[in-house]
Amino acid sequence: MSTQQRRLVVVGNGMVGQRLVEAVRQRDPQRRWRITVLGEEPRPAYDRVALTSYLTGATEAELGLVPDGCYDGDSSLVVGEAVTGIDRSARLVTTTAGRVVPYDALVLATGSKPFVPPVPGADLDGCFVYRTIDDLDAIRERAASVTSGVVVGGGLLGLEAANALLALGLSTGVVEFAPRLMPAQVDQGGGEVLRRKVEALGLTARLDTATERIAVAGSGLRLSFADGSALDTGMVVFSAGIRPRDELARSAGLAVGERGGIVVDEACRTSDPAIWAIGECALAGGRVYGLVAPGYDMAEVVADRLLGGDAAFAEADTSTKLKLLGVDVASFGDAHATTPDALEVVYADPVGGVYKKLVVTDDASTLLGGVLVGDASAYAALRTMVGRPLADTPEQLLLAGPSTSDLGDDAQVCSCQNVSAGAVRAAIHDEGCADVAAVKACTRAGTVCGSCVPLLKTLLTQSGVEADPALCEHFSMGRAELFDIVRVTGLRTFSEIIARHGSGRGCDICKPVVASILASLGSGHVLDGEQAALQDTNDHFLANIQRNGTYSVVPRVPGGELTAEGLIAIGEVARDFGLYSKITGGQRIDLLGARVEQLPAIWKRLVDAGFESGHAYGKALRTVKSCVGSTWCRYGVQDSTSLAIMLELRYRGLRAPHKIKAGVSGCARECAEARSKDVGIIASENGWNLYVGGNGGFRPRHAELFASDLSDAQLVALVDRFLMFYVRTADRLQRTAAWIEALTEEHGDGLAYLHRVLVEDELGLCADLEAAMDRHAGSYTDEWAAVLDDEEKLGRFVSFVNAPDAPDPSIRFETERGQIRPVVAGPTLEVVRR
Amino acid sequence: MTVLDVRTWTVVCRFDLLLPERGVAALVGDSQVAIFRGFAGEVYALGNRDPFSDAYVLSRGIVGSRGTVPTVASPMHKQVFSLVTGECLDEPGIAVPVYDVRVRDGDVEVAGP
Ligand SMILES: Cc1cc2nc3c(=O)[nH]c(=O)nc-3n(C[C@H](O)[C@H](O)[C@H](O)COP(=O)(O)OP(=O)(O)OC[C@H]3O[C@@H](n4cnc5c(N)ncnc54)[C@H](O)[C@@H]3O)c2cc1C
Ligand code: SF4
Ligand code: FES
């Protein structure tokens with residue numbers, strides 16, 4: 001069989017080259033092609049569109065695009081080896097490692113390289129480009145030792161890069177040659193609104209400015225401009241456009257365009273019929289596309305042709321949306337109104353920071369394109385309407401937003417993956433996809449830039465398969481709705497709540513949810529009255545149940561700071577009660593092996609020594625971990641320990657949909673691992689950078705940057721709002737990361753939505769959220785101290801009602817490494833059949 | 001005809017001590033029994049041992065209902081048991097023992113094993 005196989009060689013394992021391999025494999029079950037991919041970068045293909053997230057949290061593995069099992073016996077991937085020459089007559093390519101690979105078909109997917117303007121000094125140390133993971137590693141390293149940066153180029157990528165420098169804690173400027181930012185996408189009116197938005201993020205923009213020279217100045221660099229002025233900075237990132245990587249094609253004598261790009265026909269074939277070119281290196285229909293979607297289309301065309309099809313590449317959609325926190329910018333279709341007689345309908349609200357323009361045909365019957373700045377929520381829907389007759393007037397579309405009910409089956413919902421509304425509907429009806437994740441997996445829609453996810457959600461809802469929000473059989477609504485009901489009605493007992501808004505007598509799902517809601521609303525001690533019966537065993541005994549029915553005890557150690565006396569007191573308790581002790585990841589001490597009836601005596605000792613409940617048993621704030629910060633550490637720039645203690649004392653006892661962890665690091669070295677927390681805070685030269693939505697566990701996540709350079713007061717206000725909004729609106733057992741993901745499904749970009757609600761106060765909630773947190777902090781009392789003062793509650797901490805001090809005879813320990821460990825009985829499952 | 005109840009009944013505690021929709025554990029002879037008070041004042045008794053984890057913890061689970069069946073959920077891994085029949089509603093074929101229980105003169109009594 002292998003003698004029949006033909007050899008396909010792909011040069012470049014970028015986004016498009018990788019897509020080609022998958023597309024061929026999908027169409028070629030008989031394995032007619034044997035594939036060899038040669039990639040110059042030292043790693044398999046990764047998601048370059050999401051590259052910036054590598055600086056703000058994503059790991060290399062998370063960005064990876066190569067599915068497991070993609071390369072097997074019939075296809076192989078070589079990384080870290082560039083192709084240096086093509087011998088067209090012998091049909092061979094040669095690599096940097098001297099490898100010679102024969103081909104029957106050769107596909108060039110070499111992408112493009114950043115254009116660095118030919119100014120003197122552009123190659124100095126401290127000058128970078130922004131294209132690969134290696135580039136970002138170099139940028140990150142430099143950023144650790146400087147305090148400011150400049151991005152040359154104010155286009156889509158330049159702004160993204162500038163925001164990344166800001167996230168790295170640098171004060172950042174953008175220098176743009178044109179009189180406005182994003183000149184290729186927005187017009188002058190939109191550019192003005194955009195500039196204000198960008199400056200509100202903390203970036204400074206210099207427009208109409210030509211950089212003439214870069215020179216070393218002290219330990220940094222100095223940019224000199226055409227108007228005679230200059231700017232000193234720690235580093236420079238060039239983002240002044242891209243150039244197709246056509247050097248290999250050139251030296252092989254293939255036709256290339258005057259301004260670069262490998263010339264291809266509608267089949268994506270070059271001037272040599274055995275060689276194809278796809279992605280950003282190709283010049284198709286006289287254009288080089290700098291977006292991934294047209295590249296994916298080309299990959300599909302070539303895959304089809306290699307297997308005997310006749311697919312053709314047509315002119316592609318170049319709609320784009322800026323991926324910048326808090327700044328919504330999108331342009332689509334004929335944004336610059338170049339169609340003859342096109343009309344522009346503009347809505348501008350400079351005060352509110354919104355600029356929207358639609359371009360329509362002269363009779364206003366058909367949408368041609370548009371620009372959205374400040375509010376791009378309608379982008380995904382509007383984009384699908386380009387070229388179609390309009391149901392509403394353009395004015396209505398601008399003010400009320402588009403309606404999606406009449407999306408035709410052929411309307412393109414996801415332009416990155418070229419998926420139509422019909423394909424999404426088919427996935428829902430025929431493949432049984434019931435949520436966004438399933439639709440993504442089935443159709444690939446929504447997996448690149450993500451801007452179409454709200455539309456996917458709409459299509460799901462319209463198909464009537466939207467997931468049932470019911471909490472359990474007793475409540476037909478989700479947690480957030482129940483929270484609002486309880487908050488607004490003022491009902492404070494489970495019996496009243498379930499009688500009016502549910503059915504039955506509740507269960508292990510809804511009872512703890514109601515208990516948590518009541519606790520978040522400040523309804524007294526968690527074991528008061530009827531509340532006691534709602535609590536999970538952990539909350540009922542204010543300790544964590546272990547596998548043998550014993551409990552663990554964790555006193556609070558705010559910020560992980562512990563005196564010698566405190567340490568000794570804990571040690572004495574552990575010794576006197578024979579407990580197993582272990583240091584936790586949250587910088588405190590876990591004492592295990594306590595029996596129910598021992599808990600009060602243990603806590604009496606701890607409370608007398610000045611300790612209080614650590615809420616390790618609750619869906620509540622756990623710890624605020626910290627490093628020693630500027631007080632001790634020679635690298636520290638802020639006092640991370642004091643901040644951590646202040647925050648832990650403010651939020652202790654806060655009951656939430658799930659546990660909440662926080663961390664504070666005293667400098668960018670991040671020793672406290674704050675980015676693996678729900679709330680992570682990292683010191684910058686000018687204050688604190690706040691990250692949200694991280695977690696460890698089963699699916700580790702890095703927290704993402706939410707706001708930078710905050711003062712203590714600004715930070716506390718923002719964390720107040722974030723946590724209280726989470727407490728009110730998240731689903732049961734939903735950590736902050738999953739909550740933000742759910743917000744993304746609902747509102748497009750969850751983090752941007754949170755920014756609008758919690759920073760710009762779009763819903764007018766901020767004052768209320770802060771006040772609610774003030775009430776929480778003001779009414780905090782130690783749960784354990786309160787139990788010790790309450791005979792009736794203390795009476796529940798017994799092993800047996802009729803033998804209160806008799807230890808449970810089934811609990812037994814043996815010794816290991818000088819401490820106790822539970823004896824686990826033999827066969828554990830006893831089956832009683834009736 | 002009169003049927004004599006020859007079982008021994010052990011008084012375990014006062015009824016007032018039981019919280020509505022919560023359980024306690026009691027020692028009846030050598031057996032650990034989980035005793036629950038329902039919402040309307042009814043009393044149930046099951047073996048305290050959770051067959052899934054082998055820990056004696058069922059008395060510490062959350063009491064509720066599934067359909068019309070009163071239930072307790074194991075605090076360990078949340079399997080739900082009928083308070084009436086002891087059957088596990090999540091895993092057919094598995095059950096815990098059920099004890100006869102009554103309230104006399106304000107005392108909760110469990111029938112001896
Ligand atoms: C920061 C950033 C943000 C972006 N955001 C968006 C966005 O929001 N939307 C969008 O549509 N697009 C976006 N893009 C553009 C998008 O990433 C590209 O369009 C896409 O990656 C093009 O894929 P490609 O395979 O053609 O090129 P690449 O992904 O660049 O892959 C080409 C690969 O070929 C390798 N190569 C080159 N020459 C050789 C050789 N001689 N031998 C072996 N290997 C070679 C290169 O090292 C590279 O790995 C963004 C790009 C960047 C940098
Ligand atoms: S993060 Fe690490 S290096 Fe930075 S201040 Fe804290 S301990 Fe020092
Ligand atoms: S439009 Fe980009 S992922 Fe769908």
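In what follows, every chain begins at residue 1, and chains take the letters A, B, ... in the order their sequences are listed.
Annotation: maximal heavy-atom pairing with chain A below 4.5 Å, among Val57(B), Asn48(B), Val108(B), Leu19(B), occurs at Leu19(B). In terms of non-hydrogen atom pairs under 4.5 Å with chain A, the most contact-rich of Cys13(B), Gly38(B), Ser59(B) is Cys13(B). Chain A forms the most heavy-atom pairs under 4.5 Å with one residue out of Ile35(B), Leu27(B), Leu17(B), Val72(B), and that residue is Leu27(B).
In this structure, the portions of Val12(B) lying under 4.5 Å from any heavy atom of chain A include both its backbone and its side chain. In this structure, chain B has a heavy atom under 4.5 Å from the backbone of Leu534(A), while its side chain stays farther away.
In this structure, CD1 on Ile545(A) lies 5.5 Å from CZ on Arg60(B), to the nearest 0.5 angstrom. Here the NE2 atom belonging to His474(A) is positioned 3.0 Å from the OG atom belonging to Ser65(B), to the nearest 0.5 angstrom.
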Could you go step by step and tell me if Asp536(A) and Lys78(B) meet the side chain to side chain contact (heavy atoms under 4.5 Å, CB included) rule? CA-CA 10 Å; Asp536(A) 232 319; Lys78(B) 313 294 179 210; 3.0 Å; yes
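In Lys604(A), the NZ atom is not crowded: 12 or fewer heavy atoms of neighbouring residues, nucleotides or ligands sit closer than 6.0 Å. No more than 12 heavy atoms of other residues, nucleotides or ligands shown are found within 6.0 angstrom of CD on Glu791(A). Shown here is Asp105(B), whose CG atom has no more than 12 heavy atoms of other residues, nucleotides or ligands within 6.0 Å.
Taking non-hydrogen atoms and a 4.5 Å limit, the residue list of residues 795-804 of chain A in contact with chain B, ordered by number, reads Arg796(A), Ser799(A), Phe800(A), Val801(A), Asn802(A), Ala803(A).
Between Asn548(A) and Met76(B), the closest side-chain pair of non-hydrogen atoms is not below 4.5 Å. In this structure, Ile62(B) and Pro512(A) have side chains that are in contact, with non-hydrogen atoms separated by less than 4.5 Å. Contact annotation: the side chain of His540(A) never approaches that of Pro75(B) to less than 4.5 Å [non-hydrogen atoms, C-beta and beyond].
Shown here for Ala533(A) and Pro20(B), the closest heavy-atom pair between the two residues is CB-O, 3.4 Å. In plain terms, the two heavy atoms of Gly67(B) and Glu473(A) that are nearest each other are N-OE2, 2.7 Å.
Between the side chain of Arg505(A) and the backbone N or O of Phe39(B), no donor-acceptor pair lies under 3.5 Å.
Using a cutoff of 4.0 Å between basic side-chain nitrogens and carboxylate oxygens, Asp508(A) and Arg66(B) are not scored as salt-bridged.
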